[in-house]
2 protein chains.
Amino acid sequence: MLSAIMEDYLKAIYYLQNEADDRVRTSVLAEYMDVEQPTVTSMMKKLSERDFVLYEPYRGVELTDTGVPIALEIIRHHRLLERYLTDHLEYDWAEVHDEADRLEHHISSKFADRIAEQLGQPAVDPHGDPIPTANLDVSGAKDGERLADHQVGDSVQIVRVPDTDPDLLRYLSKHGILPGTVVDVVEIAPFGMVTLDPDSGDGPVALPEEVACSISTQSLTQSSH
Amino acid sequence: MLSAIMEDYLKAIYYLQNEADDRVRTSVLAEYMDVEQPTVTSMMKKLSERDFVLYEPYRGVELTDTGVPIALEIIRHHRLLERYLTDHLEYDWAEVHDEADRLEHHISSKFADRIAEQLGQPAVDPHGDPIPTANLDVSGAKDGERLADHQVGDSVQIVRVPDTDPDLLRYLSKHGILPGTVVDVVEIAPFGMVTLDPDSGDGPVALPEEVACSISTQSLTQSSH
DNA sequence: TGAAATAATTAGATAAGGCTAAATTTATAA
DNA sequence: TTATAAATTTAGCCTTATCTAATTATTTCA
Ligand SMILES: [Mn+2]
Ligand SMILES: [Mn+2]
Ligand SMILES: [Mn+2]
Ligand SMILES: [Mn+2]
């Protein structure tokens with residue numbers, strides 16, 4: 001029906017579209033998929049031919065109503081697999097991404113539904129990313145604010161962390177920064193570095209700006225009053 | 001490293017080699033893999049080029065010492081997955097084959113080892129086929145006799161049943177014929193059909209010759225005295 | 001021992017997914 | 001507004017896995 005590669009492109013477009021809420025440029029997609037631009041152009045023609053994307057030459061691409069559910073299905077597979085690997089097969093959260101990124105294309109919907117059942121229909125994956133339901137609903141997903149956008153003194157709860165860099169994940173878990181953790185923002189350096197004090201003890205942790213921008217949080221100081 | 005397709009060829013050669021203990025002919029492999037003969041010829045050249053098989057034009061092919069462990073690794077994955085699907089994800093034994101046949105190429109060895117652990121290092125898959133150990137040892141596998149080779153009056157234990165035809169599997173389990181079941185051979189028709197009476201009750205079941213040839217058994221009347 | 005039949009290989013094509021180099025379009029900025 | 005820069009697409013080639021049609025080996029059997 002649809003190759004694993006094509007599924008990965010659709011997933012990538014879905015992600016990049018939400019990042020920048022605009023049509024996704026060839027160059028951005030090429031960078032993200034780690035291929036050359038002409039490769040993207042030819043793939044976009046094929047996907048457009050089959051109505052999974054709306055592609056306007058020189059203007060970028062976006063998913064159609066046919067393409068979105070396919071992307072969501074793969075994302076569901078990916079996140080359920082990650083949850084399963086950590087919860088039932090004792091994988092570390094730093095090492096689940098690659099295994100899930102391959103398997104997501106090869107498990108059946110039945111397999112996905114069964115592990116969802118085993119796991120008790122989890123709402124989020126180990127990195128805090130929302131898992132679409134079996135009917136591909138993602139409305140339960142809260143957006144959250146970027147960690148980098150808080151003020152010194154704020155008390156915030158970690159909602160989501162980026163999941164592709166194993167070293168970063170190991171660093172974060174070592175310092176007790178996980179989805180659900182409550183932290184105090186103790187310093188924001190002029191060059192963007194954010195220093196946190198997790199409630200879990202172990203003392204303060206500094207995160208570079210780039211990381212602080214990609215961690216999603218929920219404010220406690222504001223929402224609790 | 002090695003494509004899923006190539007892995008399937010190696011697995012097929014391993015299987016067919018054991019079936020007929022001889023070099024595997026192009027035509028036999030083509031039939032088994034459901035491709036045309038020239039497709040096999042060109043694949044054999046590639047596999048031979050990379051030393052996974054010993055290929056002599058017009059004379060057939062066999063696995064090398066490099067090829068065997070690769071086939072065994074995939075077989076291990078396949079059978080562990082089947083066991084996992086039935087035991088932990090409530091799949092029926094009739095429907096596990098296709099799911100396992102895809103996933104076998106995409107799970108890591110780590111994944112395989114983890115599910116083996118979860119399952120308590122099982123020796124056989126749901127159809128009675130032996131699961132190679134983590135170091136690819138299959139010496140524990142007992143060969144068994146073909147069901148078709150017994151005499152009327154023999155009491156035999158089912159060891160292994162063919163696993164690719166879901167309808168047959170549903171039929172067998174409906175009539176209580178599973179690995180481990182003890183049955184009496186009550187009739188062998190001149191055209192090869194074998195009638196069995198399973199100890200599990202439910203009365204006699206007739207199996208066509210072809211099926212009786214592909215079911216592997218262990219004799220109880222002989223071995224118990 | 002030679003046909004005739006069968007099995008296997010070679011030749012040449014296709015589709016998917018990728019690449020590099022060249023051409024073209026769009027954006028930027030003087 | 002035009003020239004340069006940047007982004008994108010076209011053109012053409014490669015590899016993998018497959019096919020059909022044609023050719024060549026090997027068996028079989030009269
Ligand atoms: Mn993927
Ligand atoms: Mn994740
Ligand atoms: Mn397979
Ligand atoms: Mn099996």
Rounding to a whole Å, what distance do you find between [X]:[atom1] and [N]:[atom2]?
X	N	atom1	atom2	answer
A:R23	D:dA7	CZ	P	17 Å
B:H105	D:dA17	NE2	P	12 Å
B:L2	D:dT16	CG	P	12 Å
B:R50	D:dT16	CZ	P	8 Å
B:E56	D:dA25	CD	P	15 Å
A:I5	C:dA15	CD1	C1'	15 Å
A:M44	D:dA7	CE	C1'	16 Å

Between [X] and [Y], does the ring centre distance come in under 6.0 Å?
X	Y	result
B:Y15	B:Y32	yes
A:H106	A:H77	no
B:H78	B:H97	yes

Of the nucleotides [options], which one has an atom closest to the side chain of [X]?
X	options	result
A:M43	C:dG18, D:dT9, D:dT18	C:dG18
B:Y58	D:dT18, C:dT9, D:dT9	C:dT9
A:E36	D:dA17, C:dG17, C:dT20	C:dT20
B:K46	C:dG17, D:dA17, C:dT10	D:dA17
A:Q37	C:dA27, D:dT8, C:dG18	D:dT8

With a 4.0 Å cutoff (strictly under), does any side-chain N or O of [X] reach OP1 or OP2 of [N]?
X	N	answer
A:S27	D:dT8	yes
A:T26	D:dT9	yes
A:T39	C:dG18	no
B:K45	C:dT9	no
B:S3	D:dA17	yes

* To do: Could you say whether B:R25 or B:D34 is positioned toward the 5' end of DNA chain D, judged by the nucleotide with the nearest heavy atom to each?
  =>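 Going by which nucleotide is closer to the 5' end, it is B:D34.
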* Run the numbers on A:E145 and A:T217 for side chain to side chain donor-acceptor pair (under 3.5 Å), then give the verdict. => CA-CA 5 Å; A:E145 307 139 53; A:T217 60; 5.1 Å; no
* To do: Classify the ring geometry between B:Y84 and A:Y84 as parallel (under 30°), tilted (30 to 60°) or perpendicular (over 60°).
  =>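 Perpendicular, since the angle between the ring planes exceeds 60°.
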* Asked: So what does B:M33 touch, heavy atoms closer than 4.0 Å: a base, only the sugar-phosphate, or nothing?
  ->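 It contacts nothing in the nucleic acid.
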* Please work out if B:P38 contacts a base, only the sugar-phosphate, or nothing of the nucleic acid, heavy-atom cut-off 4.0 Å. =>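 Since a base atom lies under 4.0 Å of B:P38, the category is base.
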